[in-house]
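Okay, structure first, notes after.
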Amino acid sequence: MTRSRLRILVVLTGFLCALGSAPVPAAPKPTPTRADKHLFVWAGDQARQAADFLAVVNFDEDSADYGELITTVPLPGPGATSNEPHHVGLSADGRVLAAGGLLSVLKGQKEIFFFDVSDPAQPRFLSAADPPQSAITDEFYPLPGGGFLVTMMGGAEGHHPGRVAEFDRRRQLVGEYPAVPPADGFNPHGISVRPEVNLMVTSDFICPSTTLHAVPAGLTLRGSVRVWNFAERKILRTVTLPKASGSIDIRLIPRDPKKRAFTAGMTDDTLYLIDTRRGTAKAVFNFGTITTGGWPQLVRMTLDGRRLFVSMNVAGKIAMLDTSDAERPRLVSVLDLGKDSGPHYIALTGDERRLVITDYFLNEDDAGKVHAEGDHKVHVAMVSENGLALDPRFQLDFNTAIPTGPARPHGVAFK
């Protein structure tokens, strides 16, 4: 090697070493993106006669048809009815919408449904799946590389224990986790993931079979959070709440260096701060100060972790909290939707300007003990730093908007 080439090599080596030793810049603060133009609503016929369907609604605020129904896409063939449409998830690339049937198992039907939403105004049904070890489909988490994780609250017949199912980007089942589930009431409903710190959490809600008349006595609620190694799909520890109050949902605080999360106890009116590293739960807010017995349920957060939204099903209200200090959340606003409105599912748009709310939780009709009907309306609340306000331009009632008759709207997504 010539001396000149040797000097170049030394200089390059020093330069690369200097780059390696330089401090790594902090990840940019996440910012809200896009203005969504289409609203997808996964719904079921109230009479359970017409097929369950995916509705598409004009969500363009600049359109003269804002809030109007564009189309409905019914499930095809056998197994199209009585699935009890529940939660949904949009794939990371925005091309596939996955939707769950909470009670499909009661009729021996497939219970996870996939739609092609590449053209959001004209979705197309793709396929259905039925994980062999689990049932009672709940929440979806879109995997960064494609596919989904899906919380399945019950075993194959709806009993304890449940699983978390994984589907790849081709909608093929990868696995059901963990291989050996916990024996202490593993009925996962909520799910939240921070891939950058290899952390996943799920929250146990209820043993689903106990909601049916076929099982005597009352409901068996759960009160626990599972902390997972996300990459390995393994449970590391269990965080037990003071009461088995129905920990229906959970959200990790974005970018929180302490890796904490929030969950709500549905029947004890309490917001808990979960320390995933220490395995502790701390009560940090009393929803009883809004309405006693209001059933706080689903939880959503802004990307900066400073605002928390919680649906209160029995109270007919949506609570908005300032979580800048996670140890001391402060009530910012309460949106009152009225007596017996029954809000449950909530979803924050990509630009974080709008919160969509559906007024329906679950009615098991003659089969079960849960009859939380709601008024079947879909609301849009405008989000500001200091509160929530209903958008008067958006008026969507699933009692009258659907050609096949009154329907029960549940999960929503945007594109």
Donor-acceptor pair between Asn399 and Asp397 side chains, under 3.5 angstrom
yes
So the salt bridge (Lys or Arg N to Asp or Glu O under 4.0 Å) pairs with at least one residue in residues 136-164 (sequence neighbours excluded) are Glu139-Arg300
Could you list the residues that satisfy side chain to side chain donor-acceptor pair (under 3.5 Å) with Asp256, not counting sequence neighbours?
Arg260
Who passes side-chain contact (heavy atoms from CB on, under 4.5 Å) against Pro144, sequence neighbours left out?
Tyr141, Pro195
List the steps and the verdict of ring-ring contact (aromatic ring centres under 6.0 Å, His included) for His376 and Phe398.
CA-CA 5 Å; His376 301 175; Phe398 268 55; 8.5 Å; no
Partners of Ala214 by side-chain contact (heavy atoms from CB on, under 4.5 Å), sequence neighbours excluded?
none
Arg233, Glu166, Glu232 screened by side chain to side chain donor-acceptor pair (under 3.5 Å) with Tyr177, the one that passes:
Glu166
Using distance alone, with no hydrogens and no angle criterion, decide if Asp304 and Thr302 have a side-chain donor and acceptor under 3.5 Å apart.
yes
Strictly distance-based, threshold 3.5 Å: is any side-chain N or O of Thr137 a donor or acceptor partner for the main-chain N or O of Leu102?
no
With salt bridge (Lys or Arg N to Asp or Glu O under 4.0 Å) as the rule and sequence neighbours excluded, what pairs involving residues 337-349 come up?
none
Distance-only donor-acceptor check, side chains Thr404 and Asp45, under 3.5 Å
no
Residues at least two apart in sequence or cross-chain that pass side chain to side chain donor-acceptor pair (under 3.5 Å) with Arg194, listed by chain then number, are Glu196
Indicate whether the side chain of Asp52 and that of Asn83 have a donor and an acceptor atom separated by less than 3.5 Å.
yes
So do Asn229 and Asn198 actually touch side chain to side chain, heavy atoms under 4.5 Å?
yes
Residue pairs involving residues 168-192 (criterion salt bridge (Lys or Arg N to Asp or Glu O under 4.0 Å); sequence neighbours excluded)
Asp184-Arg226
Partners meeting side chain to side chain donor-acceptor pair (under 3.5 Å) with Lys317 (sequence neighbours left out):
Thr291
When you compare the side chain of Pro178 with that of Trp228, does any pair of heavy atoms fall below 4.5 Å?
yes
For the pair Glu364 (side chain) and Val370 (backbone), establish whether a donor and an acceptor sit closer than 3.5 Å, ignoring hydrogens and angles.
yes
Salt bridge (Lys or Arg N to Asp or Glu O under 4.0 Å) pairs, two or more places apart, involving residues 104-121:
Asp116-Arg124
Could you walk me through whether Phe148 and Phe167 pass the ring-ring contact (aromatic ring centres under 6.0 Å, His included) test, one step at a time?
CA-CA 5 Å; Phe148 300 89; Phe167 291 86; 8.1 Å; no
List the residues meeting side chain to side chain donor-acceptor pair (under 3.5 Å) with Arg328, not counting sequence neighbours, and say none if there are none.
Asp325
Side-chain heavy atoms of Phe309 within contact of Val299, under 4.5 Å
no
Arg278, CZ: over 12 other non-hydrogen atoms inside 6.0 angstrom:
no
Asp249 backbone acceptor or donor facing Thr263 side chain under 3.5 Å
yes
Give the intermediate values and the outcome of ring-ring contact (aromatic ring centres under 6.0 Å, His included) for residues Tyr66 and Phe394.
CA-CA 7 Å; Tyr66 177 55; Phe394 192 96; 5.5 Å; yes
For Lys282, all residues meeting salt bridge (charged side-chain N to carboxylate O under 4.0 Å, His left out), sequence neighbours excluded
Glu327
For the residue pair Leu97 and Pro123, establish whether any side-chain heavy-atom pair is separated by less than 4.5 Å.
no
How about Thr267 and Trp295: do any of their side-chain heavy atoms sit closer than 4.5 Å?
yes
Answer yes or no: does atom NZ of Lys258 have more than 12 heavy-atom neighbours from other residues, nucleotides or ligands under 6.0 Å?
no
Does either side chain, that of Asp359 or that of Ser341, offer a donor lying less than 3.5 Å from an acceptor on the other one?
no
What verdict does the side chain to side chain contact (heavy atoms under 4.5 Å, CB included) test give for Gln133 and Met152, after you've listed the backbone C-alpha separation in whole Å, the side-chain angles of each residue and the deciding distance to 0.1 Å?
CA-CA 9 Å; Gln133 298 183 84; Met152 309 294 292; over 6 Å; no
Tell me whether Thr202 contacts the main-chain N or O of Val227 through its side chain, where contact means a donor paired with an acceptor under 3.5 Å.
no
Show the atom names and distances, to 0.1 Å, of all donor-acceptor pairs under 3.5 Å that link a side chain in residues 406-415 to residues at least two apart or in another chain.
unit_1, atom_1, unit_2, atom_2, d
Arg408, NE, Glu373, OE2, 2.9
Arg408, NH1, Asp365, OD2, 3.4
Arg408, NH2, Asp365, OD1, 3.2
Arg408, NH2, Glu373, OE1, 3.0
His410, ND1, Phe361, O, 3.3
His410, NE2, His86, ND1, 3.4
His410, NE2, His344, NE2, 3.4
Lys415, NZ, Gly94, O, 2.9
Lys415, NZ, Val117, O, 2.8
Lys415, NZ, Ser118, O, 3.4

Whether Phe285 and Phe287 hold their rings parallel, tilted or perpendicular, with breakpoints at 30° and 60°:
perpendicular
